[in-house]
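Only one structure is covered here, and it is reproduced in the block below.
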Amino acid sequence: MIVKEIKKNVYGIMVNDWDRRLFDELIPLPDGTTYNAYFIKDKKNVLIDTADPRKTEKFMGIIKEISGGKIDYIISHHAEQDHSGSIPAVLSAFPAAKIITGEKGAVLLNKLLLTAEDRVLTIKYEDEINIGERTLKFYSTPWVHWPETIITYSPQDRVLFTCDLFGTHLATSNFYSSDYKVYSAAKRYYAEIMMPFRNHIRKHLDLIEGLDIEIIAPSHGLAHSNPEFIINAYRDWTADNVKNEVVVPYVSMHGSIDRMVDYFTDALIKREIAVKPFNLTVTDTGELAMALVDAATLVLGTPAVLGGPHPSALYATYLFKILRPKTRFASVIGSFGWGSNMLKIITDMLPSEIGIIEPVIVNGYPRQEDFNSLEKLADNILNKHRELK
Ligand code: FEO
């Protein structure tokens with residue numbers, strides 16, 4: 001737990017969850033995470049977000065101490081329980097406190113936490129609330145990463161409280177990021193959580209760049225005392241341009257796909273195309289998601305299982321579909337023994353805007369003619385990437 005006065009009477013409360021290794025029972029958290037709340041002492045005392053229910057007891061201990069027994073408002077940016085989950089405990093301990101949230105947030109809090117309607121004040125886009133020396137301003141920023149999300153700006157403090165946006169899953173003893181350390185963690189977080197919504201995020205970046213900000217205060221991981229660094233990183237990740245990179249998630253049962261992927265990665269390297277192979281039997285899906293942030297092309301490697309793709313390859317294809325990276329092209333390297341419909345099953349699942357490059361599907365172990373086809377696939381990818389420039 002870190003409690004830090006980031007501005008006069010503005011406190012960051014960072015609750016570390018060092019041991020958490022999965023989020024939503026899906027997203028790997030190799031470095032744990034934090035749940036960040038913020039507390040502003042003014043004529044009206046304001047709590048911004050709370051902590052995951054697994055940390056409520058610890059969180060309430062510090063809130064009772066820091067608040068001096070008075071909370072007027074609890075700003076709820078986002079109804080997901082890792083930030084809202086301790087709201088019921090705060091409401092119970094502070095009977096005069098009211099939740100401030102957007103209209104969609106109010107509905108979700110009522111559904112997810114059974115909050116009483118008379119404890120909620122709903123705000124609209126660009127509403128303001130004066131709390132004494134400060135006037136807090138609210139902006140609706142849907143789809144980072146739920147539809148109800150709002151953010152709060154304190155112009156007097158030049159602090160923007162962004163909830164999930166600009167977060168990192170990184171348990172830490174520091175409050176502020178040092179840029180080189182946060183980049184990789186922030187990119188992983190973007191890839192896993194924010195990437196499906198990059199078109200929305202671009203619009204939010206336009207809004208945020210119009211504000212005078214000294215500190216970006218997210219609700220996971222490190223705060224940003226150099227807002228430009230993280231905003232520029234998000235500009236890069238959300239932009240439409242892709243890099244001369246190929247991501248190759250693959251699985252091999254009897255060595256055929258292993259052999260072809262090994263040959264193919266060398267063929268790409270010879271053409272000065274960056275390649276990142278991921279053996280799906282051992283892959284951290286967060287690393288795979290990160291690789292997809294910039295890559296121009298996806299090539300799936302799969303053997304046939306009962307006539308279709310290997311289930312691990314199917315999982316990777318589904319992950320690709322729901323993460324919606326800006327990848328432009330896809331292809332398949334496959335092998336089968338007695339028959340396969342793998343290509344159709346995979347291409348049917350891929351988003352329709354992806355350009356399919358002629359795949360290489362081999363019956364059995366690869367022969368010289370199949371390696372020649374892999375050379376041709378590498379040439380086709382090179383030509384497609386050149387056309388993008
Ligand atoms: Fe960190 Fe969407 O909750």
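First listed ligand is number 1; within each ligand, the first listed atom is number 1. Here, residue 1 is the first one in the sequence, and each next residue gets the next number.
Checked against atom 1 (Fe) of ligand 1, the N, O or S atom of H220 at the shortest distance is NE2.
Within the protein, the number of N, O or S atoms lying under 2.8 Å from atom 2 (Fe) of ligand 1 is 4.
Among all heavy-atom pairs drawn from E375 and K270, the shortest one is OE2-NZ, 3.8 Å. When all heavy atoms are compared, the tightest approach of P218 to Y38 is O-OH, 2.6 Å.
The backbone N or O of R367 lies less than 3.5 Å from a partner atom in the side chain of D370, making a donor-acceptor pair.
With F197 as the aromatic partner, R324 meets the cation-pi criteria of under 6.0 angstrom to the ring centre and within 45 degrees of the ring axis.
Classified by interplanar angle (parallel below 30°, tilted 30° to 60°, perpendicular above 60°), the ring pair H385/F329 is parallel.
A side chain to side chain donor-acceptor pair (under 3.5 Å) with E80 is found for exactly one of H78, H77, H83, namely H78.
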